[in-house]
Amino acid sequence: MPRHRASLLTGLLMVATALVAPASVGPASAAPCPPPPAADTSTAQGWIGYLAAHPKDYGLVVTDGRRVTVSHNADRAYPTASAAKIINLAVYARAVASGRITPTQTVSVNEWERWYLPIDGGAHVQALEYLKLPPLTGAPGSARPASLRVSLAQLADVMIRFSDSAAPDTLRAVLGDAGFDAVMRQYGLRGLPPLNAALYLGLIDPTLTTQARQQAAARRYHDDAGYRAAVFAAAPRLTALTTSAQVDRSYSQPARGLNRLIGAIADGSFGPGAPLARSILEYQGPGPDGSVLGFKGGSLIAPDNSVLTDNFEFRTPAGRISTATLLVRGLSRADYQKSNYAQQKLLLGLVRGDAATVAAVQCATGGH
């Protein structure tokens, strides 16, 4: 199930500033590649070895602002987990820019929590704390005073900052599906993202074998207080039963499409809405050297098919923009649990343009 991935990189950019000096990246060396490091998901170097040892289990795209420097299985779909929330963010930001909605519009906290399942790694609990709202007691969807409300801007913020999974579903209930088609077509993404409640229900109920069934169950969860209360109570116990097949049925996209989308938000070519989306992705603000990182990641856990996903955009003080998108499936539970975000340190080296890191990853992935 999803591991909490809210402030994953808080402080990490500061560390990377000291450890990884930016360097321009030239063409991959013609020299023979050395043997890759031993596979070890607990270190950035070990992740290079892991990528070399598991060539079918991930998609990876890295750009340096001028060209693609690394591309591996870029057009093959892999489970996205919460990295797909960048699609919801893009649709929200474009709707604000067009005047369809305003960030100050509000919805009730009850409405927000009608989409909440307690298997999000603590994201919703942290979102409530951050917004200075009281913790949920009782079944979601009716436990709050009707006067307790949150703005659409707050929902968009906690959707990215804490990966709150009820927030995108609440925003989608306001926006509808109309804005998704244009974003999906523009960036080569395939199939509308499901409701996050649908994704979660598909992971805890093996009978929900199609997206249509999962979507129907999610709407029932929202609308049917009795069903919602029963599932809410049982969900934490059911997460331990998630199978590899259920993870493989979860929402998937190619790394190239997600990379193109975050790159367009970063460089402004997304058009109206890009500055708003970028400000939400870059909530951590500048690092000590003035560089800025925006990101969205995600994770799912199953015994032999855990998932880690990350989508980065990085801007230097001089304005150079680079991106990195990594979608990994097939992790063992042990490799997942010891990763401790080491893959993000590797991605930071790539987006900061560390020539040795780029060359090592090019070798590990079979070249550009």
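Note that the numbering runs from 1 along the sequence shown for the chain.
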Let's go through Glu313 and Arg278 carefully: what are the C-alpha distance in whole Å and the side-chain angles of both, what is the deciding distance for salt bridge (charged side-chain N to carboxylate O under 4.0 Å, His left out) to 0.1 Å, and is it a yes or a no? CA-CA 9 Å; Glu313 54 94 355; Arg278 189 166 59 245; 5.9 Å; no

Donor-acceptor side-chain pairing of Arg329 and Asn305 below 3.5 angstrom: yes

Closest heavy-atom contact between Ala81 and Val307? CB-CG1, 4.4 Å

Quick check: do Phe295 and Ile160 have side-chain heavy atoms less than 4.5 Å from each other? no

For this output row, return yes or no: ring centroids of Tyr58 and His54 closer than 6.0 angstrom. no

Whether Arg172 and Asp177 form a salt bridge (side-chain N of Lys/Arg under 4.0 Å from carboxylate O of Asp/Glu) is what I want to check. yes

In terms of heavy-atom contacts, Leu208 and Gln214 come closest through O-NE2, 2.9 Å

Does Leu195 belong to the same Ile/Leu/Val/Met/Phe/Trp/Tyr cluster as Val231, with side-chain heavy atoms less than 4.5 Å apart forming each link? no

When you look at Lys338 and Asp40, which way does the salt bridge (charged side-chain N to carboxylate O under 4.0 Å, His left out) test go after all the steps? CA-CA 9 Å; Lys338 72 179 183 179; Asp40 178 4; 3.7 Å; yes

Reported OG1-to-CG distance for the pair Thr41 and Leu308, which is rounded to 0.5 angstrom: 8.5 Å

Main-chain N/O of Ala166 paired to Asn196 side chain as donor or acceptor, under 3.5 Å: no

Results of salt bridge (Lys or Arg N to Asp or Glu O under 4.0 Å) for Arg220 - residues two or more places apart only: Asp224

State, with a plain yes or no, whether a side-chain heavy atom of Leu128 is found less than 4.5 Å away from one of Trp112. yes

Heavy atoms from other residues, nucleotides or ligands near CD of Gln45 exceed 12 (cutoff 6.0 Å): no

Point-to-point distance, once rounded to the nearest 0.5 Å, from CG of Asp267 to CZ of Arg315: 9.0 Å

Assess whether side chain to side chain contact (heavy atoms under 4.5 Å, CB included) is satisfied between Ile204 and Leu117, documenting all intermediate values. CA-CA 11 Å; Ile204 63 175; Leu117 282 89; 4.2 Å; yes

Using only heavy-atom distances, determine whether the side chains of Thr309 and Tyr78 contain a donor-acceptor pair under 3.5 Å. no

Pair Ser250, Leu300 - check side chain to side chain contact (heavy atoms under 4.5 Å, CB included), show working. CA-CA 10 Å; Ser250 69; Leu300 301 170; 3.7 Å; yes

With the side chain counted from C-beta on, respond yes when Pro317 and Ser291 share a heavy-atom pair under 4.5 Å apart, and no when they do not. yes

Are side-chain heavy atoms of Pro254 and Arg190 found at a separation under 4.5 Å? yes

Residue pair Met184 / Gln253, side-chain heavy-atom distance below 4.5 Å: yes

For the pair Ser82 and Ser163, evaluate side chain to side chain donor-acceptor pair (under 3.5 Å) and give the outcome as yes or no after the intermediate values. CA-CA 7 Å; Ser82 286; Ser163 205; 3.3 Å; yes

Atom pair CG (Leu281) and CZ (Phe312), whose distance is rounded to the nearest 0.5 Å: 11.5 Å

Search all heavy atoms of Ala95 against all heavy atoms of Leu175 and return the closest pair with its distance. CB-CD2, 3.5 Å

Between Gln343 and Tyr341, a side-chain donor and acceptor under 3.5 Å: no

Without hydrogens or angle criteria, can the side chains of Thr323 and Thr63 be said to hold a donor-acceptor pair below 3.5 Å? yes

Could you check Thr357 against Leu346 for side chain to side chain contact (heavy atoms under 4.5 Å, CB included), going step by step and ending with a plain yes or no? CA-CA 8 Å; Thr357 301; Leu346 173 62; 3.7 Å; yes

Parallel, tilted or perpendicular: which one describes the rings of Tyr187 and Phe270, with boundaries at 30° and 60°? parallel

Out of curiosity, Ile87 CD1 to Leu258 CG, how far, rounded to the nearest 0.5 Å? 5.5 Å

Is it the case that the side chains of Ser165 and Lys85 hold a donor-acceptor pair, with the cut-off being a distance below 3.5 Å and no angle test? yes

From Arg249 CZ over to Leu199 CG, what is the distance, rounded to the nearest 0.5 angstrom? 11.5 Å

On a heavy-atom basis, the closest approach of Pro36 and Gly49 is CB-CA, 4.4 Å

Is there a donor-acceptor contact under 3.5 Å linking the side chains of Glu111 and Ser108? no

What is the minimum heavy-atom distance between Leu152 and Val107, and which atoms define it? CD2-CG1, 4.2 Å

Under 3.5 Å side-chain donor-acceptor pair for Asn311 and Thr325: yes

Val68 and Val62: side chain to side chain contact (heavy atoms under 4.5 Å, CB included), yes or no, with the steps? CA-CA 6 Å; Val68 176; Val62 182; over 6 Å; no

Can you tell me how far the OG atom of Ser339 sits from the NZ atom of Lys345, to the nearest 0.5 Å? 10.5 Å

Please determine whether a side-chain nitrogen of the Lys or Arg among Asp354 and Arg352 lies less than 4.0 Å from a carboxylate oxygen of the Asp or Glu. no

Closest approach of Pro37 to Ile48 (non-hydrogen atoms, all atoms of both residues): CD-CG2, 3.9 Å

Yes or no on ring-ring contact (aromatic ring centres under 6.0 Å, His included) for Tyr130 and Phe162, after CA distance, side-chain angles and deciding distance? CA-CA 9 Å; Tyr130 170 72; Phe162 300 109; 5.2 Å; yes

Should Ile321 and Val70 be counted in the same cluster of Ile, Leu, Val, Met, Phe, Trp and Tyr side chains packed under 4.5 Å apart? no

Decide ring-ring contact (aromatic ring centres under 6.0 Å, His included) for Tyr116 and Phe232; before the verdict, give the C-alpha distance in whole Å, the side-chain angles of both, and the deciding distance to 0.1 Å. CA-CA 8 Å; Tyr116 168 51; Phe232 186 85; 5.7 Å; yes

Tell me whether Val158 is reachable from Trp115 by hopping between hydrophobic residues (I, L, V, M, F, W, Y) whose side-chain heavy atoms are closer than 4.5 Å. no

Heavy-atom side-chain contact between Arg260 and Gln186 under 4.5 Å: no

Side chains of Lys56 and Arg76: closer than 4.5 Å at any heavy-atom pair? yes

Taking Met159 as the starting point, is it possible to reach Leu131 by hopping between hydrophobic residues whose side chains are less than 4.5 Å apart? yes

